[in-house]
Peer 1: 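I have a structure I would like to understand better, so I am pasting it below and will then ask my questions one at a time.
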Amino acid sequence: MNSNEIDIHKELKKYFGFNQFKGLQEPVIKSILAQQNTFVIMPTGGGKSLCYQLPALVQDGTAIVVSPLIALMKNQVDAIRSLSSEIGIAHVLNSSLTKTEINQVKKDITSGITKLLYVAPESLTKDEYVAFLQSVSISFVAIDEAHCISEWGHDFRPEYRNLRHIIKQLGNIPIIGLTATATPKVQEDILKNLDMTDAKTFKASFNRPNLYYEVRPKTKNVETDIIRFIKQQKGKSGIIYCLSRKKVESIAEVLQVNGISAVPYHAGLDAKTRAKHQDMFLMEEVDVVVATIAFGMGIDKPDVRFVIHHDIPKSLESYYQETGRAGRDGGEGYCLAYYSYKDVEKLEKFMSGKPVAEQEIGFALLQEVVAYAETSMSRRKFLLHYFGEEFDSETGEGADMDDNVRHPKNKKEAQDQVVKLLQVVRDTKHLYKSKEIVYTLIGRVNAVINAHKTDAQHFFGSGSDFEERHWMALIRQVLVEGLLSKDIETYGILKITDKGLDFLKNPQSFMMTEDHDYTDADDDSVVVAGKGSGTADEALMGMLRDLRKKVAKKLGVPPFVVFQDPSLEDMALKYPMTIEELTNTHGVGEGKAKKYGKDFVELISRYVQDNDIVRPDDLVVRSTGANSANKLYIIQNIDRKLPLDDIASSKGLNMDALLKEMEQIVYSGTKLNISYWVDELLDDDQQEEIHEYFMESETDRIEDALREFDGAYDIDELRLMRIKFISEVAN
């Protein structure tokens, strides 16, 4: 059928029941029907699949669709089959088929019934399939999730690299590449790899104005914060992403125990359970799915109202794609990510076993995520800049839909610093990445700077009146303003742009915002839940602190022995008015509640009555009890005076994890007599010295103790002594 004779609006109505096309669909379809190589960059939810489905249905021959995801293929095949009386209109060709099924597929293609054939890239490499496809009429090849071709994409698949070679064997047929996320670098990579630099490129805007972006520091109370957030979204659907299966399981369990209907989803579950959980979410039998990133590919649930990242993802592409599962119907979508630099370090550790080039790419992508989390400029502007799109943060659609814009940080004039920065990038001859540029400015030497003898230059140390973080923040903002560019080919070397050279000739005002500082969001002393989200009752908090001081003074112990700060925070959040309610607050066990709780619950009861406070009954976060078996085991075996390393190894824990469990036990008010173990490590005088330190100290932070003793004791010795001290003095 000649493409000019096809009335695509009529066909759209006939097959899909729509009266009009969405966004760029119409020009894309016309380009495909005109037999042109076509490249489509369209965010999730923009209607990408229709771009190749419609042309396939109205043209002669069979269209081949290459997709990496079996679940997605099945979904699409079912959808197309529902449009036609012919079940053979769409088929999947992959390793899961039997001989008989494969023969049926071939028969339907040969007889012209099949319009769309979905294949995994691996299937295309099989000689028998290639030989068969050479013998039939192919309308075009569509490559979905085309970013899988690029090592710079967030989901690189080596088998995609070979596609161009295979397609060439099938004859001279048009290629359609489609992706939902691609930075300029990935786009270039895709076109080069598919040998279709002549392709007509269609790029939709990446702006999703209905999504609200927020990043919170990841504290130890992150689970409480998540539960509180979800309970405010009663009855709404949401997804929580975690990096590990173990985390998925434990968070799903915590949510269930706290009355939130949630199911886990990860690759370790059997296929039946996975399918069941996915269906429960689609059919609204559960509100929340807790998942690894394996979930959501090709899930088309339009009314997901929030996406929470418990762990920061490995790249901004992944983040964009995962948050893009929220609010596909144009309604509200809340994207909340928890960030701690410790998570980034963990991801870097995972990468250390990989080939150097892959590590370089991984680090470069991760640094972009760090920049996004720590920046205090408009998150939307930052994200869109990453995808090569300009955004006006004053007038753009959805401009006020992020935490940084709603709660702006102070801005400072930084014109002179920008000039200094641009001069250093220029005068170091475009050799350095951000880190070395910052080191040059603050006057710190490393091997790279030494090799280029930059430390001998007159400008070395010229920016030492500001610290490293300040210069990093400035670099990010100058990049987004286009005065510098990052050369991705060389893993992020900074280059000055023409706009930057103009700025040097004619400097102008440059208002810089200070970055967020999340460095102490997860140190050894537990931090406030939702710090900055204004959750705990500050007035009550002050009263509880005064009471703690009074009680501590009366008993002659440091205040932290009575209750730690996080416990007070939690009381100022949940208003427990009985001893039993008190045991549901953070770090307060039964023993501790009985010993110290009376005065505290009386104070809280009075405060609640005097101020007419409506208590949030639903904020009593229950723990899953998953660790209680561990705790019991530890208590019993310490009673039996078993060596701690034996206790740890029998439970598959390392020493750090065992000490954490022990700390939780004693801080909750249970005694642990570990003298038998400590006596082996430290003599009486040493023990007394540390005991006295804790007795007189304002805080039980291990960092402070390490500083005080200046290397005389190692961290484990101090932690063990702290456990012994709390056990004896507090419990």
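Quantities reported herein were computed from a predicted structural model and do not represent experimental measurements.
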Peer 1: Does the side chain of Val119 come within less than 4.5 Å of Leu117's, by heavy atoms?
Peer 2: yes
Peer 1: Both conditions, 6.0 Å and 45 degrees, for the charged tip of Arg216 above the ring of Tyr339: are they met here?
Peer 2: no
Peer 1: Can you see which heavy atom on Ala63 is nearest to which on Ala56, and at what distance?
Peer 2: CB-CB, 3.6 Å
Peer 1: What I want to find out is whether Asp303 reaches Arg305 closely enough, with some N-O distance under 4.0 Å, to be called a salt bridge.
Peer 2: no
Peer 1: Within the structure provided, determine whether Leu479 and Lys486 are in side-chain contact (heavy-atom separation under 4.5 Å).
Peer 2: yes
Peer 1: Identify all side-chain donor-acceptor contacts of residues 36-43 below 3.5 Å with residues at least two apart in sequence or on another chain.
Peer 2:
| residue | atom | partner | partner atom | Å |
| --- | --- | --- | --- | --- |
| Asn37 | OD1 | Ile175 | N | 2.9 |
| Asn37 | ND2 | Asp198 | OD1 | 3.3 |
| Thr38 | OG1 | Ser31 | OG | 2.7 |
| Thr38 | OG1 | Gln36 | O | 2.8 |

Peer 1: To the nearest 0.5 Å, what is the distance between OH on Tyr213 and CZ on Arg406?
Peer 2: 13.0 Å
Peer 1: With a 3.5 Å cut-off and no angle check, do the side chains of Tyr334 and Glu214 form a donor-acceptor pair?
Peer 2: yes
Peer 1: Any luck finding a side-chain donor-acceptor pair between His91 and Arg81 under 3.5 Å?
Peer 2: yes
Peer 1: Heavy atoms only: give me the nearest Phe281-Ser237 pair and the separation to one decimal.
Peer 2: CE1-CB, 4.0 Å
Peer 1: Identify whether the distance between the nearest side-chain nitrogen and carboxylate oxygen of Asp270 and Arg274 falls below 4.0 Å.
Peer 2: no
Peer 1: Hey, could you give me the CG/CG distance between Leu124 and Leu133, rounded to the nearest 0.5 Å?
Peer 2: 7.0 Å
Peer 1: Quick check for you: to the nearest 0.5 Å, what is the distance between Leu116 atom CG and Ile109 atom CD1?
Peer 2: 10.5 Å
Peer 1: Considering only heavy atoms from C-beta outward, does the side chain of Phe391 approach that of Asn207 to under 4.5 Å?
Peer 2: yes
Peer 1: Is there a side chain to side chain contact (heavy atoms under 4.5 Å, CB included) between Gln76 and Ser49 once you walk through the steps?
Peer 2: CA-CA 9 Å; Gln76 294 212 356; Ser49 41; 3.5 Å; yes
Peer 1: Taking the side chain as everything from C-beta on, heavy atoms only, tell me whether Ile89 gets closer than 4.5 Å to Leu83.
Peer 2: no
Peer 1: Taking atom types as modelled, is there a side-chain donor on Tyr15 or Gln53 under 3.5 Å from an acceptor on the other?
Peer 2: no
Peer 1: What heavy-atom pair brings Gly88 and Thr114 nearest, and what distance separates the two atoms?
Peer 2: O-OG1, 2.7 Å
Peer 1: Does CD in Gln134 sit with more than 12 non-hydrogen atoms of other residues, nucleotides or ligands closer than 6.0 Å?
Peer 2: yes
Peer 1: Hydrogens and angles aside, do Glu26 and Gln20 bring a side-chain donor and acceptor to less than 3.5 Å of each other?
Peer 2: no
Peer 1: A side-chain contact here means heavy atoms from C-beta on lying under 4.5 Å apart; do Leu57 and Ile80 qualify?
Peer 2: yes
Peer 1: Measure across Asp392 and Glu394 and return the closest heavy-atom pair with its distance rounded to 0.1 Å.
Peer 2: OD1-N, 2.7 Å
Peer 1: Does any part of the side chain of Val141, heavy atoms only, come nearer than 4.5 Å to the side chain of Ile176, both counted from C-beta?
Peer 2: no
Peer 1: Identify the two heavy atoms, one from Gly362 and one from Met351, that lie closest to each other, and give their separation to 0.1 Å.
Peer 2: CA-SD, 3.4 Å
Peer 1: Taking the six-membered ring for Trp, are Phe206 and Phe387 parallel (under 30°), tilted (30 to 60°) or perpendicular (over 60°)?
Peer 2: parallel
Peer 1: Is the charged tip of Lys106 near the ring of Phe132: under 6.0 Å from the six-membered ring centre and within 45° of its axis?
Peer 2: yes
Peer 1: Evaluate the criterion side chain to side chain contact (heavy atoms under 4.5 Å, CB included) for residue pair Leu243 and Leu347; output intermediate values, then yes/no.
Peer 2: CA-CA 10 Å; Leu243 281 176; Leu347 288 172; 3.5 Å; yes
Peer 1: Is it the case that more than 12 heavy atoms not belonging to Asp78 sit under 6.0 Å from its CG atom?
Peer 2: yes
Peer 1: Salt bridge check, Glu390 against Lys381: does any charged N sit closer than 4.0 Å to a carboxylate O?
Peer 2: no
Peer 1: May I have all residue pairs that pass salt bridge (charged side-chain N to carboxylate O under 4.0 Å, His left out) and include part of residues 158-175, sequence neighbours excluded?
Peer 2: Glu151-Arg161, Lys168-Asp195
Peer 1: Run the side chain to side chain donor-acceptor pair (under 3.5 Å) test on Tyr386 and Glu317 for me, step by step, so that the C-alpha distance in whole Å, both residues' side-chain angles and the decisive distance to 0.1 Å come before the verdict.
Peer 2: CA-CA 9 Å; Tyr386 181 75; Glu317 278 99 324; 3.0 Å; yes
Peer 1: Identify whether the distance between the nearest side-chain nitrogen and carboxylate oxygen of Glu389 and Lys203 falls below 4.0 Å.
Peer 2: no
Peer 1: Nearest 0.5 Å, please: how far is CG in Leu191 from OG1 in Thr201?
Peer 2: 5.0 Å
Peer 1: Does either side chain, that of Arg325 or that of Tyr241, offer a donor lying less than 3.5 Å from an acceptor on the other one?
Peer 2: yes
Peer 1: Check the pair Lys301, Glu284 against side chain to side chain contact (heavy atoms under 4.5 Å, CB included), reporting the backbone distance first and the verdict last.
Peer 2: CA-CA 10 Å; Lys301 185 168 166 57; Glu284 299 191 358; 3.5 Å; yes
Peer 1: When rounded to the nearest 0.5 angstrom, what distance separates CG in Asp402 from CG in Leu383?
Peer 2: 9.0 Å
Peer 1: Before you tell me yes or no, could you show the steps for Phe229 and Phe306 under ring-ring contact (aromatic ring centres under 6.0 Å, His included), namely the whole-Å CA-CA distance, both residues' side-chain angles and the distance that decides it to 0.1 Å?
Peer 2: CA-CA 10 Å; Phe229 177 84; Phe306 58 89; 5.6 Å; yes
Peer 1: Measuring from atom CD1 of Ile143 to atom CG of Leu194, what distance do you get when rounded to the nearest 0.5 angstrom?
Peer 2: 4.5 Å
Peer 1: Answer yes or no: is there a side-chain heavy-atom contact under 4.5 Å between Asn210 and Glu332?
Peer 2: no
Peer 1: Between Lys236 and Asp287, does any NZ, NE, NH1 or NH2 come within less than 4.0 Å of an OD or OE carboxylate oxygen?
Peer 2: no
Peer 1: If every non-hydrogen atom of Asp189 is compared with every non-hydrogen atom of Ser150, which pair is closest and at what distance?
Peer 2: OD2-OG, 2.7 Å
Peer 1: Any chance you could lay out the ring-ring contact (aromatic ring centres under 6.0 Å, His included) test for His309 and Tyr319, step after step, and finish with the verdict?
Peer 2: CA-CA 9 Å; His309 279 87; Tyr319 174 74; 5.2 Å; yes
Peer 1: Show your working on side chain to side chain contact (heavy atoms under 4.5 Å, CB included) between Phe21 and Ile8 and close with a plain yes or no.
Peer 2: CA-CA 10 Å; Phe21 289 102; Ile8 55 176; 4.0 Å; yes
Peer 1: Under 4.5 Å between any side-chain heavy atoms of Leu282 and Asp279, yes or no?
Peer 2: yes
